[in-house]
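This is a predicted model, so every value here is computed, not measured.
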Amino acid sequence: MARSAGGPASFRPSPGSIPESPGVYRFRDPGDRVIYVGKAKNLRQRLNSYFADFAGLHPRTQTMLTTAAGVDWTVVGTEVEALQLEYSWIKEYDPRFNVKYRDDKSYPYLAVTMGEEFPRVQVLRGAKRKGTRYFGPYSHAWAIRETVDLLLRVFPIRSCSAGVFRRAGQVGRPCLLGYIDKCSAPCVGRISPEDHRTLAEDFCDFMAGNTGRFVKRLEREMTRAAAEQEYERAARLRDDIQALRRAMEKQAVVLGDNTDCDVVALAEDPLEAAVQVFYVRGGRIRGQRGWVVDKVEETGPGELVERFLLQIYGEAAAEAVPREVLVPALPSDADAIAELLGEHRGGRVEIRVPQRGDKRDLLTTVERNAAEALRQHKLKRASDLTSRSRALQEVADALGLDQAPLRIECYDVSHMQGTDVVASMVVFEDGLARKSEYRRFSVRTTGGDVASIHEVISRRFKRYLEERSATGELDVEMGAEPGADPEAGAGPGIDSGAGAGPGIDPETGRPRKFAYPPNLVVVDGGPAQAAAARRALDELGVDDVAVCGLAKRLEEVWLPDEELPVILPRASEALYLLQRVRDEAHRFAITYHRSKRSKSVRESALDGVPGLGPARRQALIKHFGSVKRLREATAAQICEVPGIGPATAETIVSALKDESS
C-alpha cells in the first residue's frame, strides 16, 4: 500500500509494484477513511492513469486525489469476483466519491406478511422487512388500496392491524370486513391457519402475474354452480371474476404475456442524474420507481447503469431480480454483471439495450419519465427556500462577500465564427430567475469574447450611472431612465412593480431597464473574462459590485486578479445555483443569436433586388445554402433555381456584385 499526506505524487505506488491482474482498489484520506472504491481489469493500467497526467483529469477526480493520502488494492481471480468485492466494499465503507442512488420519494408497496402465522396484506413504505412479500412500488397508496379492495373479494385474507386482530379474537366477533366477506375471519376461527396461508399464497401468485389460472378456475366453478342451479353462488363467482378482471385492467398491457423485465432509463446533466424503472410482470406494468444521484465523479451512461444495477439489485430479494433488464446503455462489464445478478437470482439474467419494437417504445416512455423526474427534482430544489438561502450564503462565503448576493446578474456572449455577436444578461433575485429583468445586447466591438464582455458590462453600468445622475439619487439602488437603449431589449416575462418608486418609470408604470445594480456579476468564462468585467467596472468607478467567472469545462469559479480558481464542492448548493444562472444566460444568448442570425439572412442583399419576392429569395437560399455561395454563382447556375429567369438572374448577379464592392 502507498500512503502519504503530501498530495497525489507523494503516495504514487512505485513502478512495477502494482500487479497487472484484475482487482479492486481503495483510496483513503489522512484519517484512513475510504473515500473511493473502484475495480479494474488491469490494476496497474488503471491506477497509473490517476497519476500519469494529473492536469488532464476531470476536476472531480482531481479533488478525490488531492483529498486522498494513500491507495491499496486487492487482487481477485475474475471480473465477477471484482464486482462482488467492489459492491461489498462500497456497501461497507460508503465512500464519499462513489455514486450513490437515493429515492426521489418514499414509494408505497403492497406487502403481504408471509412471516406471520396469519399473513396480512397492507401498504408499506420504507425499509423492507424479512419474511414479507412486496409488490410494486406504486406511485400512489390509493392505487394499491383500490386493487386490494377488488382482490379481497376473491382472496379474503386478513388486512387488519395486530391490535384489531387480537381484540376480535378476545370478543369472539370479527370486524366489519368479516361480515361483508372481504376477510375470512381467521381471528375467530372461521378458517384454519393452513387454509388462510393458502389464500395468501394465491393472492401473492396473482400479484406476481399468474392471473390466468385463477380466472379460469372461477369460470369453471361458476359454470358448475349454474349447472347445479346454485344461482346465488354462481352470481357471486361472476362478480369475483369481474373483480379480478378489473384489477388486471388497472395495469396496462405493454408486452407479451410471458414478458418479465425491468425497464431502466436515465436523464442527466453535469451535476445529477435521474433514474426511472418500470417493472413489467406478465406483460403488464406492475409499478415504477425513481432515484436521483449526485454525480460526484465523472461518469457516463454505461457506468451509471452499472452502479445502479449493482446497488439496487444487490440489495433486493432474489425474486425481485427479473429475467431481463432493459437499459439505455450497456455497462463495460455487462456480461460479468449479468452473471453476478444471475447468481443472486438463481437463474439467468439478460442485460440488453432494445433497438426496435415494443420494448424500444417502452424504453422511450421511461426515458420521458426520467427527464420529467429530473426536471421536477431540479424545480423542487430550486424553489426550496432553505436550499436557496444556503446557496446564497455559500456563494458569499466562497467569494468572500460581506453579505449574501440577493441579486445576481450573469452575462454570456454568443456568436458564430465572430459574426452576429450578441450577449445576454439574466437576473436571479433571491435565488430565483427574474425574467422581466432579462436584457440582451448586440455587441459592436470586435476582438473576441473578452472584448465583448468588457463592452457589455460597460454599457450596462454606464446606463445605471446615467439613470442615477439624471434623478440625483445617491443610493446605488435608485435611478431613472433617460431613454431607451436601441441595442438592449427586454427579455420575456411579466414586468413587475406597478407603483411609483425608484425603479419604476412614473409615466409608464414599468420597471426601468437598468435601475437596480447587482450584488454579484457572473460572466461565462475564465480569468480573462472575469478580469475584463472587473476592468469595465473599475473604469466607471463602480467598486461595490463583486465579479466572478464560471468556466464551463472544469466548473471553476475565477475571481479577478487571482492566480488560482475557487473550487466549490460538486454537491454544494452554491455551485448548483451558479450553474443554473450561467446555463440560463447561455440559453438566453443562444436564443437571441439564432433569431438575429435568421433575421440577417432574411435581410440580406437579396431584399433590394427588384422583382425578387420572399418565396424566390427563400428558394435561392435553399438551393445555394448561403448568400456567400449565391454570390459566387454564375447567372446560368442561378437560372437552375425554379422560378428564376435569365433577366432576374442577371439582376441578382449585378446586385450582389455591387453590394460586395
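One distance of note links SG of Cys261 with CD of Glu350; it measures 10.5 Å at 0.5 Å rounding. Note that SG of Cys204 and CZ of Phe155 are 10.0 Å apart. Values are rounded to the nearest 0.5 Å. Atom CD1 of residue Ile351 and atom OH of residue Tyr313 lie 9.0 Å apart, to the nearest 0.5 angstrom. Between atom OG1 of residue Thr364 and atom CZ of residue Arg368 there is a gap of 6.5 Å, rounded to the nearest 0.5 Å. The distance from the CG atom of Leu374 to the CD atom of Glu272 is 6.5 Å, given to the nearest 0.5 Å. Distance check, rounded to the nearest 0.5 Å: CD of Gln122 to OG of Ser159 gives 9.5 Å.
For Ala585 against Cys410, the heavy-atom pair with the smallest separation is CB-SG, 3.7 Å. Residues Val427 and Glu409 share a closest heavy-atom pair of CG2-CG, 4.0 Å. The nearest pair of heavy atoms linking Gly290 to Gln276 is CA-NE2, 3.3 Å. Counting all heavy atoms, side chain and backbone alike, Val280 lies closest to Asp262 at N-OD1, 4.4 Å. Of all the heavy atoms in Val76 and Glu81, the pair that sits closest is CB-OE1, 3.7 Å. For the residue pair Val24 and Gly38, the shortest heavy atom distance occurs at CG1-O, 3.1 Å.
A donor-acceptor pair is defined here as one N or O able to donate and one able to accept, closer than 3.5 Å; no such pair exists between the side chain of Asp333 and the backbone of Ala336. Put simply, the side chain of Glu573 never gets that close to the backbone of Ala391: no donor and acceptor are under 3.5 Å apart. A side-chain donor-acceptor contact under 3.5 Å links Thr113 to the backbone of Arg120. With hydrogens and angles ignored, the 3.5 Å screen pairs a side-chain donor or acceptor of Arg345 with a backbone N or O of Arg348. Listed for the Thr591 side chain is a donor-acceptor partner under 3.5 Å among the backbone atoms of Arg587.
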Problem - Intermediate values then yes/no, side-chain contact (heavy atoms from CB on, under 4.5 Å), Trp291 and Val277 - result: CA-CA 9 Å; Trp291 291 262; Val277 180; 3.5 Å; yes

Exercise for the section: Tell me, with the steps shown, if Leu310 and Leu340 meet side-chain contact (heavy atoms from CB on, under 4.5 Å). Expected result: CA-CA 9 Å; Leu310 289 176; Leu340 184 62; 3.7 Å; yes

Exercise for the section: Start with the C-alpha gap between Ile408 and Val522, add the side-chain angles, then the distance that decides, and say whether side-chain contact (heavy atoms from CB on, under 4.5 Å) holds. Expected result: CA-CA 7 Å; Ile408 300 175; Val522 180; 3.8 Å; yes

Exercise for the section: Decide side chain to side chain donor-acceptor pair (under 3.5 Å) for Tyr50 and Tyr25; before the verdict, give the C-alpha distance in whole Å, the side-chain angles of both, and the deciding distance to 0.1 Å. Expected result: CA-CA 12 Å; Tyr50 286 104; Tyr25 54 91; 2.8 Å; yes

Practice task
Carefully, step by step, assess Val422 and Arg440 under the rule side-chain contact (heavy atoms from CB on, under 4.5 Å).
Solution key: CA-CA 7 Å; Val422 300; Arg440 57 195 188 187; over 6 Å; no

Exercise for the section: Go through Glu219 and Arg238 one step at a time and tell me if the salt bridge (Lys or Arg N to Asp or Glu O under 4.0 Å) criterion holds. Expected result: CA-CA 8 Å; Glu219 286 176 341; Arg238 177 203 62 201; over 6 Å; no

Exercise for the section: Would you check, one step at a time, whether the test salt bridge (Lys or Arg N to Asp or Glu O under 4.0 Å) holds for Arg580 with Glu584? Expected result: CA-CA 6 Å; Arg580 281 177 47 234; Glu584 179 68 353; over 6 Å; no

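By the 4.0 Å N-to-carboxylate-O rule, Arg133 lies too far from Glu201 to be salt-bridged with it. A salt bridge links Glu324 to Arg352: one of the charged nitrogens lies within less than 4.0 Å of a carboxylate oxygen.
Side-chain contact between Leu550 and Asp524: absent, with no pair of heavy atoms (C-beta onward) separated by less than 4.5 Å. Residues Val34 and Phe27 have side chains not in contact (no heavy-atom distance under 4.5 Å, counting atoms from C-beta outward).
Remark: the Tyr438 side chain and the Arg434 side chain contain no N/O donor-acceptor pair separated by less than 3.5 Å. Between Tyr93 and Arg26, the side chains place a donor N or O and an acceptor N or O closer than 3.5 Å (distance only, hydrogens not considered).
Counting heavy-atom neighbours within 6.0 Å of Asn42 CG, excluding the residue itself, gives a total above 12.
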